Amino acid sequence: PFPDSFYGPAIYNPVDVEIFTPDGGYSSHGPSPHVAIVSWSDNPTKGLRVYRDIIQAHRNVSFINCGRLLIGNAPNLYNLGAVPHGQLPSLLRGCDVLLTASQHEACPNHVLEAMACGLPVLYLDSGATGEIVGEAGLAVTEDSFVESLRLLMSLRSWRRVPRIRAMRFAPDVIFPQYLDAIRRAMR
């Protein structure tokens with residue numbers, strides 16, 4: 001219904017690659033894989049049911065939940081609540097992967113932040129998350145979660161590729177795109 005000129009350019013969110021960085025190292029919390037979850041909303045499309053089902057089905061995996069949403073209680077779930085922004089990078093670095101079950105996302109900041117810290121991403125194939133993640137993660141279902149987790153952790157470059165991918169969203173890459181769009185709109 002609208003002419004092509006009506007739509008503006010697609011410009012991604014930037015991620016602060018100076019704060020969210022793999023520097024400081026990876027320090028696993030133990031022998032089981034540690035999966036980060038960053039959850040803030042109880043909106044049904046943000047993945048609460050999926051998180052609960054995966055956590056219940058995979059008791060040999062530890063899940064670290066940061067955010068306002070308390071996912072539930074399970075012996076393999078650590079609900080940390082709202083974490084100060086300055087502490088989030090080190091918490092992410094202490095995990096092996098990020099799991100995001102959020103649907104219909106355009107450019108999820110938590111995904112960019114995790115990748116900038118060197119975490120590959122397991123995600124539901126919905127919205128633009130797959131476009132953001134690219135080769136730095138895998139689309140999963142509840143049934144393919146553990147197989148995909150094992151595959152990511154077996155790759156030699158499992159922490160390097162996400163950081164390289166995240167650099168595409170650094171402020172010095174993204175901000176000029178915003179400025180260019182503003183300049184074109186002002187003509």
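Since the model is a prediction, treat every value here as computed from it, not as a measurement.
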J.: Roughly how far, to the nearest 0.5 Å, is the OG atom of S144 from the CG atom of L151?
T.: 10.5 Å
J.: Rounded to the nearest 0.5 Å, how far does CG of L152 lie from CZ of R159?
T.: 11.5 Å
J.: What residue among N76, N73, V35 forms side-chain contact (heavy atoms from CB on, under 4.5 Å) with I55?
T.: N76
J.: Check the pair I71, F63 against side chain to side chain contact (heavy atoms under 4.5 Å, CB included), reporting the backbone distance first and the verdict last.
T.: CA-CA 10 Å; I71 293 175; F63 295 87; over 6 Å; no
J.: Who pairs with R59 by side chain to side chain donor-acceptor pair (under 3.5 Å), at least two apart in sequence or on another chain?
T.: Q56
J.: So, for A116 and P22, which heavy atoms are closest and what is the spacing to 0.1 Å?
T.: O-CD, 3.1 Å
J.: Rounded to the nearest 0.5 Å, how far does CD1 of I11 lie from CD of Q177?
T.: 6.0 Å
J.: Not counting sequence neighbours, which residues clear ring-ring contact (aromatic ring centres under 6.0 Å, His included) with Y51? List them please.
T.: none
J.: R163 versus T21: any side-chain heavy-atom pair under 4.5 Å?
T.: yes
J.: Among all residues two or more places apart in sequence or in another chain, which pass the side-chain contact (heavy atoms from CB on, under 4.5 Å) test with Y78?
T.: S62, I64
J.: Tell me, please, which residues at least two apart from S148 pass side chain to side chain donor-acceptor pair (under 3.5 Å).
T.: none
J.: Which residues end up grouped with I164 if you chain together Ile, Leu, Val, Met, Phe, Trp and Tyr wherever their side-chain heavy atoms are less than 4.5 Å apart?
T.: none
J.: Among residues two or more places apart or on two chains, list those pairs meeting salt bridge (charged side-chain N to carboxylate O under 4.0 Å, His left out) that have a residue in residues 141-150.
T.: R49-E142
J.: Going from CG on L98 to CG on L112, what distance comes out if it is rounded to the nearest 0.5 angstrom?
T.: 10.5 Å
J.: Please find the pair of heavy atoms, one from P14 and one from F175, that lie closest to each other, and give the distance.
T.: CG-CE2, 3.6 Å
J.: Identify whether V161 and V140 are in the same connected component of the hydrophobic contact network (ILVMFWY, side-chain heavy atoms under 4.5 Å).
T.: no
J.: Mind listing the side-chain donor-acceptor pairs of residues 118-138 below 3.5 Å, one per line with the distance, residues two or more places apart or on another chain?
T.:
from, atom 1, to, atom 2, distance (Å)
S126, OG, H104, N, 2.8
E131, OE2, Y12, OH, 2.2
E135, OE1, R165, NH1, 3.3

J.: Side-chain heavy atoms nearer than 4.5 Å, only ILVMFWY residues, links allowed to pass through others: does that put F169 and V38 together?
T.: yes
J.: Out of curiosity, does L77 fall in the hydrophobic cluster containing F145 (side-chain heavy atoms, cut-off under 4.5 Å, transitive links)?
T.: yes
J.: Might you point out which heavy atoms bring G94 and H34 nearest each other, and give the distance in Å?
T.: O-CB, 4.2 Å
J.: Considering residues at least two apart in sequence or located in another chain, which fulfil the side-chain contact (heavy atoms from CB on, under 4.5 Å) criterion with P89?
T.: I19, F20, R93, C117
J.: Which residues pass the side chain to side chain donor-acceptor pair (under 3.5 Å) test with N65, sequence neighbours left out?
T.: S39, N79
J.: Decide side chain to side chain contact (heavy atoms under 4.5 Å, CB included) for M167 and V17; before the verdict, give the C-alpha distance in whole Å, the side-chain angles of both, and the deciding distance to 0.1 Å.
T.: CA-CA 7 Å; M167 296 306 288; V17 295; 3.8 Å; yes
J.: Suppose we screen for ring-ring contact (aromatic ring centres under 6.0 Å, His included). Which residues come up paired with H110, at least two apart in sequence or across chains?
T.: none
J.: So how far is it from H85 NE2 to D16 CG, rounded to the nearest 0.5 Å?
T.: 8.0 Å
J.: Which residues, ordered by chain and number, are linked to M186 in its hydrophobic cluster, where ILVMFWY side chains connect at heavy-atom gaps below 4.5 Å, directly or through other members?
T.: I182
J.: For E105, what residues pass the side chain to side chain donor-acceptor pair (under 3.5 Å) criterion, not counting sequence neighbours?
T.: K46, S102
